[in-house]
Q: 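Sharing a structure here in structure tokens format.
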Amino acid sequence: MKLAVFSAKPYDKVYLTQAAELAPDTGSNIEIIYHEFVLSSETVSLAAGASAVCVFVNDTLTEDVLTSLHSLGVRAILLRCAGYNNVDLKTASQLGLFVANVPAYSPEAVAEFAVALVQTLNRNTHRAYNRVREANFALDGLLGRTLHGKTVGIIGTGKIGVAFARIMQGFGCELLAHDPFPNPEFKKYGEYTTLENLLSRADVVSLHCPLLPPTRHIINESTLGMMKKNAMLVNTSRGGLIDTKAVIAALKKQQLGGLALDVYEHESAFFYNDHSGTIIEDDDLMRLTTFHNVLVCGHQAFFTEEALGEIAGATIRNLTDFVHGRECQNSLVQLTKEQGAAPITRGRSDTIPIRI
Ligand code: NAI
């Protein structure tokens, strides 16, 4: 079994190699080929000889790429992430490709990072760090707001949204949520409401829903207009949830009080690589980095030792389920018996994935 891993970083190599060695029923039978570049129509030919590919958030698996993979003999797509908006699941299903993700790996890792963004942006610790290194101990410009008693709005109350709610409740915040599929777990922490009501009341709005056609640009000129003046918006989910130009306009008008992003609409051209010696041509990204009340990180919310271990372990388990024709809890496409797949049973949050 040859597995071609795309967008492979040094840490991916460490954790995936270790997980493959530890896999009880395939072990050394998995030969892993690591490619540092993304999977796209330009690079797909490098999957030749592999039966499975392993991809990450910025690899693009369009109809063309999937068709090429299939004709090269690839039969399994392993996403080493939770989101799967970058995979054309309909085409994958038609081609009979096995596709599995890692739906739950330390949701706390992402939730904790969202809290870190809120805290950093609110209390300006990033600016304080730089000032103090230059012996500037002035407090002007570092004024924050006490979170205790503030209202936090959570859009999407799956695993990460609920983990975020649990932490924010500890801060003494009032919690509101919007989700078309309410999660009984959230009801311990706060109340569900409409998107409009949430936006008009929340001091902090945090996005934790997946990127799907109905959620693309869920934050746009109209919904930004509904937000409480001076509120903070946090996105650790997917860049496409926010209309970047609309958010820049809201920041310029001083309608939006702060923006913390771990993800960016057009991140695939930049994130996970060092562009410090090149000219960045994305004017929206560059504009965002000039606001004093905007914090941009490079899609690192998942990046903890625990999460990397869990991601690698689950990815290799998905692969071994495929190899042995076993039922795979993390399958994203329903294949027929003739297509070589075991039946799929999914949990609560997986009532939605086939919305393509
Ligand atoms: P999940 O599947 O457990 O929860 C997603 C929730 O969003 C569900 O409750 C669903 O009903 C809800 N939802 C769907 N449509 C909605 C809508 N229109 N409005 C409001 N809610 C809606 O997913 P999980 O594990 O909590 O992850 C959430 C997202 O976080 C993922 O889709 C992924 O894009 C992102 N993520 C980001 C990471 C990072 O490193 N920045 C790492 C892992 C995930």
Side-chain angles (χ1 to χ4, degrees), residues 7 9 11-12 56-58 79-87 89 101-118 153-167 176-187 189-190 192-199 202 205-220 223 234-242 260-265 267-268 271-272 295-304 306-308 310-311 314-315 329-330 332 346-356:
S7 302
K9 297 290 176 199
Y11 45 84
D12 292 315
F56 195 49
V57 293
N58 291 326
L79 287 129
R80 54 181 192 282
C81 53
Y84 45 84
N85 51 286
N86 51 336
V87 185
L89 291 182
N101 67 342
V102 184
Y105 53 90
S106 190
E108 287 76 17
V110 182
E112 287 170 13
F113 193 80
V115 176
L117 290 179
V118 173
I154 302 174
I155 301 179
T157 50
K159 294 170 285 297
I160 297 171
V162 165
F164 180 75
R166 200 177 297 124
I167 304 171
L176 297 175
H178 173 69
D179 192 318
F181 302 91
N183 181 351
E185 190 63 18
F186 174 76
K187 293 182 182 157
Y189 306 110
Y192 280 103
T193 186
T194 59
L195 183 61
E196 292 75 10
N197 189 40
L198 179 151
L199 293 174
V205 173
S206 194
L207 305 180
H208 298 290
C209 58
L211 179 60
L212 298 165
T215 59
R216 178 170 292 279
H217 288 184
I218 193 169
I219 300 297
N220 53 43
T223 49
V234 183
N235 188 8
T236 54
S237 196
R238 282 294 180 268
L241 297 176
I242 295 181
L261 300 179
D262 184 46
V263 286
Y264 168 64
E265 205 175 356
E267 68 178 51
S268 57
F271 283 16
Y272 299 121
L295 192 57
V296 182
C297 293
H299 207 145
Q300 66 173 91
F302 72 98
F303 200 53
T304 65
E306 293 76 4
L308 287 186
E310 288 171 32
I311 292 168
T315 301
Q329 293 275 330
N330 301 330
L332 289 170
R346 310 272 324 198
R348 177 199 153 271
S349 63
D350 300 315
T351 49
I352 50 165
I354 317 296
R355 288 183 293 180
I356 45 180

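Whatever order the structure lists ligands and atoms in, that order sets their numbers, starting from 1.
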Q: Do we see a donor-acceptor contact under 3.5 Å between the side chains of T223 and N220?
A: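 On atom types as modelled, these side chains qualify, holding a pair under 3.5 Å.
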Q: So, 4.0 Å and heavy atoms of S237: is ligand 1 close enough to count as a contact?
A: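 Contact present.
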Q: Between T157 and ligand 1, which residue portion shows a heavy-atom distance shorter than 4.0 Å: side chain, backbone, both, or neither?
A: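 It is the backbone that touches ligand 1; the side chain stays farther off.
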Q: So that I know where these two stand, are Y192 and F181 an aromatic pair - ring centroids less than 6.0 Å apart?
A: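 No, the ring centres sit 6.0 Å or more apart.
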Q: Is any N or O atom of F302, backbone or side chain, closer than 3.5 Å to an N or O atom of ligand 1?
A: yes
Q: So, is K159 polar-close to ligand 1, with some N/O to N/O distance under 3.5 Å?
A: yes
Q: Decide whether the shortest distance between a heavy atom of P103 and an atom of ligand 1 is less than 4.0 Å.
A: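 Under 4.0 Å: yes for P103.
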Q: Which value, rounded to the nearest 0.5 Å, describes the distance between L241 atom CG and H208 atom NE2?
A: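 The NE2 atom of H208 is 10.5 Å from CG of L241, to the nearest 0.5 Å.
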Q: Would you say the side chains of H217 and E265 form a donor-acceptor pair under 3.5 Å?
A: yes
Q: Which option, A111, P180, G239, A114, owns the non-hydrogen atom nearest atom 17 (C) of ligand 1?
A: P180
Q: Between E108 and R166, is the closest basic N to carboxylate O distance under 4.0 Å?
A: yes
Q: List ligand 1 atoms under 4.0 Å from H178, heavy atoms only on the residue side.
A: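 Reading through ligand 1 atom by atom, the close ones are 19 (N), 20 (C), 21 (N).
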Q: Counting only heavy atoms not in R216, do more than 12 sit closer than 6.0 Å to its CZ atom?
A: no
Q: Can you list the residues that meet the side chain to side chain contact (heavy atoms under 4.5 Å, CB included) rule with V263, with sequence neighbours excluded?
A: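 Only N235, E267, H299 meet the side chain to side chain contact (heavy atoms under 4.5 Å, CB included) criterion with V263.
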Q: Could you list which atoms of ligand 1 come closer than 4.0 Å to a heavy atom of F181?
A: 11 (O)
Q: Can you find a side-chain donor-acceptor pair between D179 and T157 that sits under 3.5 Å?
A: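 Side chains of D179 and T157: pair found under 3.5 Å.
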Q: Give the single entry among A109, G158, P210 that approaches atom 7 (O) of ligand 1 most closely by any heavy atom.
A: P210
Q: Are any of the N/O atoms in I160 less than 3.5 Å from those in ligand 1?
A: yes
Q: Would you call F56 and Y272 a side-chain contact if the rule is heavy atoms closer than 4.5 Å?
A: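 They are in contact (side-chain heavy atoms under 4.5 Å apart), so the answer is yes.
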Q: Does the residue D262 have a heavy-atom contact with ligand 1, meaning some pair of atoms that are separated by less than 4.0 Å?
A: yes
Q: Any idea which of L211, L212, D179 brings a heavy atom closest to atom 8 (C) of ligand 1?
A: D179
Q: Which atoms of ligand 1 sit under 4.0 Å from any heavy atom of A301?
A: 39 (C), 40 (O), 41 (N)
Q: Could you tell me whether ligand 1 has any atom less than 4.0 Å away from a heavy atom of Y105?
A: yes
Q: Would Y11 and F303 count as a ring pair (Phe, Tyr, Trp, His ring centres under 6.0 Å) here? Give the steps.
A: CA-CA 10 Å; Y11 45 84; F303 200 53; 4.6 Å; yes
Q: Can you confirm whether L207 sits close enough to V234 that some side-chain heavy atom of one is under 4.5 Å from a side-chain heavy atom of the other?
A: no
Q: Distance under 4.0 Å to a non-hydrogen atom of I155: what atoms of ligand 1 satisfy this?
A: 20 (C)
Q: Taking the non-hydrogen atoms of N183, is any one of them nearer than 4.0 angstrom to ligand 1?
A: no
Q: Counting from 1, what ligand 1 atoms have a heavy atom of R238 closer than 4.0 Å?
A: 33 (C), 34 (O), 35 (C), 36 (N), 37 (C)
Q: As an exercise, identify every atom of ligand 1 less than 4.0 angstrom from a heavy atom of T215.
A: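 Listed by number with element, the hits are 15 (N), 16 (C), 17 (C), 18 (N).
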